[in-house]
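Contents: one structure, followed by commentary.
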Amino acid sequence: MTLEDIKKIGVIGAGVMGTGVAQRFAQYGYEIILVDVAENILESSKKTIERNVMFHNMMNKEKLDQKAIIERIHTQTSYQALEDADIIIENIPEIIEQKLNVYEQLTNITKEECFYLVNTSCIPIKRIADVVKQPEKVIGVHFMNPVPLQNFAEVIKTSLISEGSLNLISEFLKQVKIDCTAVNDSPGFVSNRLSHLFMNEAANLVMEGIATPEQVDMIFTRGFHHEIGPLYTADLIGIDTVVNSLDVLYECYKEDKYKCSQYMRDMVENGELGRKTGKGFFKY
Ligand code: NAI
């Protein structure tokens, strides 16, 4: 497959990441089949994209064609619609069994040349490659949130991926102005093996009453000159996704440092998932 052959992109999962991915690739002219489990989720995802594009047009001199972007996104609730996709970008929740289940189905539907781009926070890519017929077509692409605004991704390569495939995917990302660096496969890769320790310990500090969320983040922004603090980041990601990711890290490494803070588990229990529900460590 060459770059020119890539025309139709299947995006699975229309949550925080899938919505951003669909928007970004549609903005650059790709036809998108956006798949989720229910019509209302797909509707709300398209509304989010409409809002994002409207906001972009209000804030920028360079205008985007809202109508054309929306028309390029075709919504579906069945994977069968992905049979002629050239590339699939999967963004379902960070739960290994759920992801494996999707790939076990996809491998019997999609065409042989199709690449699977796994958008995951921590799951080793090999776990997914092991359940498909063409494991050499599975590559991790850890997009950064919010995808329409972030121009960088962490690519994760298994030992099966060829230099040619890696270059193709890297060129493909460049078509939508995303640069990347490719690291070797391992749970949490580079980004989340580091960042989730920060977020987890920050939650413990709040739980122990050592500092407020504002104070924790201020130490990162004012003291360490990070653009945003760990708790604002956790809210942006979604506390449920952070908890799931820590559980994957703990399952893989069996090290206590990855044991998820009870504070975040309680937040999930109370529906405080961060930005997506209007309340997390901060209010939105
Ligand atoms: P989310 O919870 O916001 O969205 C997941 C979506 O997948 C939901 O709309 C859900 O209905 C849908 N879904 C669930 N099962 C499905 C299935 N079997 N088929 C089709 N759709 C299904 O999750 P989010 O945050 O978008 O995360 C998606 C993936 O991206 C996760 O693996 C996460 O770790 C990873 N990720 C998340 C980042 C973030 O900042 N939220 C950043 C980078 C990666």
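Side chains included, hydrogens not; waters and symmetry mates left out as well; all remaining heavy atoms used. Counting starts at 1 for both ligands and their atoms, following the listed order.
Contact annotation for Asn244 and ligand 1: no heavy atom of the residue comes within less than 4.0 Å of the ligand. At a heavy-atom cutoff of 4.0 Å, ligand 1 is contacted by no atom of Met144, backbone or side chain. At a heavy-atom cutoff of 4.0 Å, ligand 1 is contacted by both the backbone and the side chain of Ser121.
With Val16, Val21, Asn119 as candidates, the residue nearest to atom 44 (C) of ligand 1 on a non-hydrogen basis is Asn119. Of the candidates Ile237, Val37, Asp235, Val37 brings a heavy atom nearest to atom 16 (C) of ligand 1. Ranked by closest heavy atom to atom 14 (C) of ligand 1, the top entry among Gly238, Cys122, Gly20, Pro93 is Pro93. The residue from Thr19, Asp36, Ile92, Thr233 that puts a heavy atom closest to atom 12 (C) of ligand 1 is Asp36.
Not a single heavy atom of Glu90 lies less than 4.0 angstrom from ligand 1.
Residue Tyr79 has at least one nitrogen or oxygen atom sitting less than 3.5 Å from a nitrogen or oxygen atom of ligand 1, judged on distance alone. Annotation: Thr120 places no N or O atom under 3.5 Å from an N or O atom of ligand 1; distance criterion only. At a 3.5 angstrom cut-off on N or O pairs, Ile12 does not count as close to ligand 1.
For Phe220 and Phe198, the ring centers sit closer than 6.0 Å to each other. A distance below 6.0 Å separates the ring centres of Phe172 and Phe25.
Follow the hydrophobic side-chain contacts under 4.5 Å out from Val141 and you reach Ile89 in the same cluster.
The contact set between ligand 1 and Val102, taken as ligand atoms under 4.0 Å from a residue heavy atom, comprises 18 (N). Near Glu94, the atoms of ligand 1 lying under 4.0 angstrom from a non-hydrogen atom of the residue are 31 (C), 32 (O), 33 (C), 34 (O). Each of the following atoms of ligand 1 lies closer than 4.0 Å to a heavy atom of Phe143: 42 (C), 43 (C). Residue Asn145 has at least one heavy-atom neighbour below 4.0 Å for each of these atoms of ligand 1: 39 (C), 40 (O), 41 (N). Every atom of ligand 1 is numbered from 1 in the order shown, and the set under 4.0 Å from a heavy atom of Ile41 is 9 (O), 11 (O).
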### Message
side chain to side chain contact (heavy atoms under 4.5 Å, CB included) for Val155 and His142? Distances and angles first, verdict last.
### Response
CA-CA 6 Å; Val155 165; His142 174 220; over 6 Å; no
#### Entry: Criterion side chain to side chain contact (heavy atoms under 4.5 Å, CB included) on Thr212 and Val206, from CA distance to verdict
CA-CA 6 Å; Thr212 64; Val206 173; over 6 Å; no
### Query
Should Leu117 and Ile88 be marked as a side chain to side chain contact (heavy atoms under 4.5 Å, CB included) after you check the CA-CA gap, both sets of side-chain angles, and the distance that decides it?
CA-CA 6 Å; Leu117 273 46; Ile88 305 267; over 6 Å; no
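The shortest distance between side-chain heavy atoms of Lys99 and Pro93 does not fall below 4.5 Å. Side-chain contact between Ile92 and Val37: absent, with no pair of heavy atoms (C-beta onward) separated by less than 4.5 Å.
Using a 4.0 Å cut-off between a side-chain N of Lys or Arg and a carboxylate O of Asp or Glu, Asp84 and Lys8 qualify as a salt bridge. Salt bridge annotation for Glu71-Lys67: present, with a cationic side-chain nitrogen under 4.0 angstrom from a carboxylate oxygen. A salt bridge links Glu171 with Lys174: the closest approach of a Lys/Arg side-chain nitrogen to an acidic carboxylate oxygen falls below 4.0 angstrom.
With no hydrogens or angles considered, no side-chain donor-acceptor pair links Lys259 and Asn200 at under 3.5 Å.
Nearest protein heavy-atom contact of atom 26 (O) of ligand 1 is Met17 N, 2.8 Å. Scanning all protein heavy atoms for the shortest distance to atom 2 (O) of ligand 1 gives Lys276 NZ, 3.6 Å. The protein atom (non-hydrogen) at minimum distance from atom 23 (O) of ligand 1 is Thr241 OG1, 4.2 Å. Remark: minimum distance from atom 4 (O) of ligand 1 to any protein heavy atom is reached at Gly15 CA, 3.3 Å. The nearest heavy-atom contact from the protein to atom 28 (C) of ligand 1 is Asn91 O, 3.2 Å.
Pairs passing the side-chain hydrogen bond (donor to acceptor under 3.5 Å, both in side chains) check and including a residue from residues 273-284, sequence neighbours excluded, read Tyr232-Arg275, Asp235-Tyr284, Asp240-Lys276.
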